[in-house]
Amino acid sequence: MSLESLYKAYKTPLFSLAYRMLGSVMDAEDIVQEAFLSYDLLPNANAIQNERAYLYKIVTNRCLDLLRSSAKKREMYVGPWLPEPLIEQGALDADPSDAYLQRESISTAYLLLLQQLNAVERAVFLLREIFRYSYDEIAEMIGKTSANCRQIFHRAQNSIHFEPGPTPSISVAEEKVKDFVNSLMQGNTNKLLELISENVVFYSDGGGKVRAAQIPIIGIDQVIKLHQSLLKMYEGKFSYIFLSVNGQPGIRINFSEGFQYVYSFAFKNNQIQTIYSVANPDKLRHL
């Protein structure tokens, strides 16, 4: 295949892997571009029998290198860490997983679960669970034995316990997000009590660079109170739009002072269970 054909065929799934590994849109895009450049510079590229596996190997190992080099920086991060929001879900349509798994595996909640795994566990888990590679193929990619990769996968699988249970359809979730915003704007507390779980948790990622809660806000009363205070503080100084964030209905809020928040949500029993807000400007540059 020509480089152009490879790029068209594999750019999207390679980005899907890198984004799930890193939780960063910009880093994932950079690594995918670098992978194709590296491939193009190979003196014996025509001799490669499985171009797809070779490109996945390049991307996987560059992600592993970046995760290892940035581990210390992550430990020093100010406040909750959230992945960079992925706004365009349509770019993931070519992902080699069924529609349900595709939607769930780019959600903010799922990406945060992946952060519980070390870099190698994350790579093995994703390559097996999402991209359906055999243990032999994964072993060749990351330089371990097939038996070791099998053990790593099962350890990772047991660690993250991803069992989301029944979740609302996209259309229902979208309606609930709109009701959430409208009820806040109208001061309709009774409606908010219906929409939001009593044990709701609000995570706000400002990275120490903009105003954001540096610890999770827990409980429906505290979460409503916080948002009512923000509405009062910024009255008439913001606009918002509804859009898809990590495969789920979300909100982008722009403030006249020049900063923005991107919200995504997780649901349980048809109520909003978790609210994620990314405000760190470094994580929103791609928008």
Side-chain angles (χ1 to χ4, degrees), residues 1-42 45 51-71 73-74 77 81-97 101-112 114-115 117 119-120 122-123 125-127 129-131 133 141-142 205 207 209 243-248 250 252 259-264 276 278-287:
M1 292 178 68
S2 67
L3 184 67
E4 182 180 357
S5 298
L6 287 172
Y7 189 79
K8 288 180 179 178
Y10 300 128
K11 177 190 174 185
T12 293
L14 288 171
F15 172 82
S16 299
L17 170 62
Y19 176 67
R20 288 176 171 98
M21 282 283 293
L22 304 171
S24 169
V25 173
M26 293 178 289
D27 287 340
E29 289 175 342
D30 289 345
I31 281 178
V32 171
Q33 293 293 334
E34 291 170 6
F36 283 106
L37 288 173
S38 297
Y39 185 92
D40 191 37
L41 293 173
L42 289 172
E51 297 102 332
R52 177 177 181 263
Y54 191 88
L55 287 166
Y56 271 78
K57 180 178 180 178
I58 296 175
V59 168
T60 299
N61 283 283
R62 296 205 173 193
C63 286
L64 289 173
D65 290 343
L66 183 57
L67 287 169
R68 290 171 182 136
S69 65
S70 61
K73 184 178 179 181
R74 176 72 63 83
Y77 197 81
W81 181 95
L82 295 175
E84 291 178 12
L86 182 62
I87 298 301
E88 294 295 338
Q89 185 189 7
L92 296 178
D93 285 346
D95 196 275
S97 55
L101 186 57
Q102 173 189 342
R103 173 187 165 195
E104 292 299 331
S105 69
I106 60 167
S107 70
T108 305
Y110 187 84
L111 294 175
L112 287 174
L114 290 175
Q115 299 303 311
L117 305 176
V120 173
R122 204 178 309 169
F125 181 79
L126 288 170
L127 288 168
E129 181 80 1
I130 306 299
F131 298 94
Y133 274 104
M141 287 184 194
I142 66 172
D205 180 346
K209 300 188 176 184
L243 74 180
S244 174
V245 180
N246 289 83
Q248 301 282 348
R252 181 177 178 181
F259 58 93
Q260 59 183 321
Y261 291 167
V262 174
Y263 273 59
S264 57
Y276 308 98
V278 178
N280 184 343
D282 292 342
K283 293 187 174 183
L284 302 176
R285 285 180 296 170
H286 63 288
L287 303 183

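Checked by atom type and distance alone, the side chain of S107 pairs as donor or acceptor with a backbone atom of Y110 at under 3.5 Å. Listed for the N246 side chain is a donor-acceptor partner under 3.5 Å among the backbone atoms of I106.
Under the rule for a side chain to side chain contact (heavy atoms under 4.5 Å, CB included), the partners of S5 that lie at least two apart in sequence or sit in another chain are M1, S2. Residues passing the side-chain hydrogen bond (donor to acceptor under 3.5 Å, both in side chains) test with Y261, sequence neighbours excluded: none. Checked against ring pair (Phe, Tyr, Trp, His ring centres under 6.0 Å), Y10 has no partners two or more places apart in sequence or in another chain. When the salt bridge (Lys or Arg N to Asp or Glu O under 4.0 Å) test is applied to R252, no partner is found at least two apart in sequence or on another chain. Remark: R74 pairs with no residue by the salt bridge (Lys or Arg N to Asp or Glu O under 4.0 Å) rule, at least two apart or across chains. In this structure K57 satisfies the salt bridge (Lys or Arg N to Asp or Glu O under 4.0 Å) test together with E140, sequence neighbours excluded. Partners of E51 according to the salt bridge (Lys or Arg N to Asp or Glu O under 4.0 Å) rule, which considers only residues two or more places apart in sequence or in another chain, do not exist here. Not counting sequence neighbours, T60 has no partner by the side-chain hydrogen bond (donor to acceptor under 3.5 Å, both in side chains) test.
The salt bridge (charged side-chain N to carboxylate O under 4.0 Å, His left out) contacts involving residues 59-70 comprise E34-R62, D65-R68, where partners must be two or more places apart or lie in separate chains. Within the structure, salt bridge (charged side-chain N to carboxylate O under 4.0 Å, His left out) contacts touching residues 278-287 (residues at least two apart or in different chains) are D205-K283, K209-D282.
Between N280 and E84 the shortest side-chain heavy-atom distance does not fall below 4.5 Å. Contact annotation: the side chain of I87 approaches that of V262 to within less than 4.5 Å [non-hydrogen atoms, C-beta and beyond]. Contact annotation: the side chain of R20 approaches that of F131 to within less than 4.5 Å [non-hydrogen atoms, C-beta and beyond]. Contact check for L111 versus Y19: side-chain heavy atoms found under the 4.5 Å cut-off. Residues L126 and L114 form a side-chain contact, since some pair of their non-hydrogen atoms from C-beta on lies under 4.5 Å apart.
The minimum heavy-atom distance between V59 and A18, with the atom names listed, is CG1-CB, 4.0 Å. Between A35 and L55, the shortest heavy-atom contact is O-CD2, 4.2 Å.
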task: Could you walk me through whether R52 and Y133 pass side chain to side chain contact (heavy atoms under 4.5 Å, CB included), step by step?
output: CA-CA 11 Å; R52 177 177 181 263; Y133 274 104; 2.8 Å; yes
- request: Step by step, work out the side chain to side chain contact (heavy atoms under 4.5 Å, CB included) result for M21 and L64.
  value: CA-CA 8 Å; M21 282 283 293; L64 289 173; 4.0 Å; yes
message: Determine whether Y276 and V245 satisfy the following criterion, side chain to side chain contact (heavy atoms under 4.5 Å, CB included), listing intermediate values before the conclusion.
response: CA-CA 10 Å; Y276 308 98; V245 180; over 6 Å; no
Output a table of donor-acceptor pairs, distance under 3.5 Å, between side-chain atoms of residues 25-33 and any protein atom two or more places apart or on a different chain; print 'none' if there are none.
unit_1, atom_1, unit_2, atom_2, d
D27, OD2, S24, OG, 3.4
Q33, NE2, Y7, OH, 2.9

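Classification of the Y39-Y54 ring pair by plane angle, with boundaries at 30° and 60°, yields perpendicular.
Distance check, rounded to the nearest 0.5 Å: CG of N61 to SG of C63 gives 9.0 Å. Going from atom CG of L86 over to atom CG of L287 covers 9.5 Å, rounded to the nearest 0.5 Å. In this structure, Q248 CD and L243 CG are separated by 12.5 Å, a value rounded to the nearest 0.5 Å. Taking CD1 of I142 as the start and OH of Y56 as the end, the distance is 15.5 Å to the nearest 0.5 Å.
Residue F36 places its CZ atom among more than 12 non-hydrogen atoms of other residues, nucleotides or ligands, all under 6.0 Å distant.
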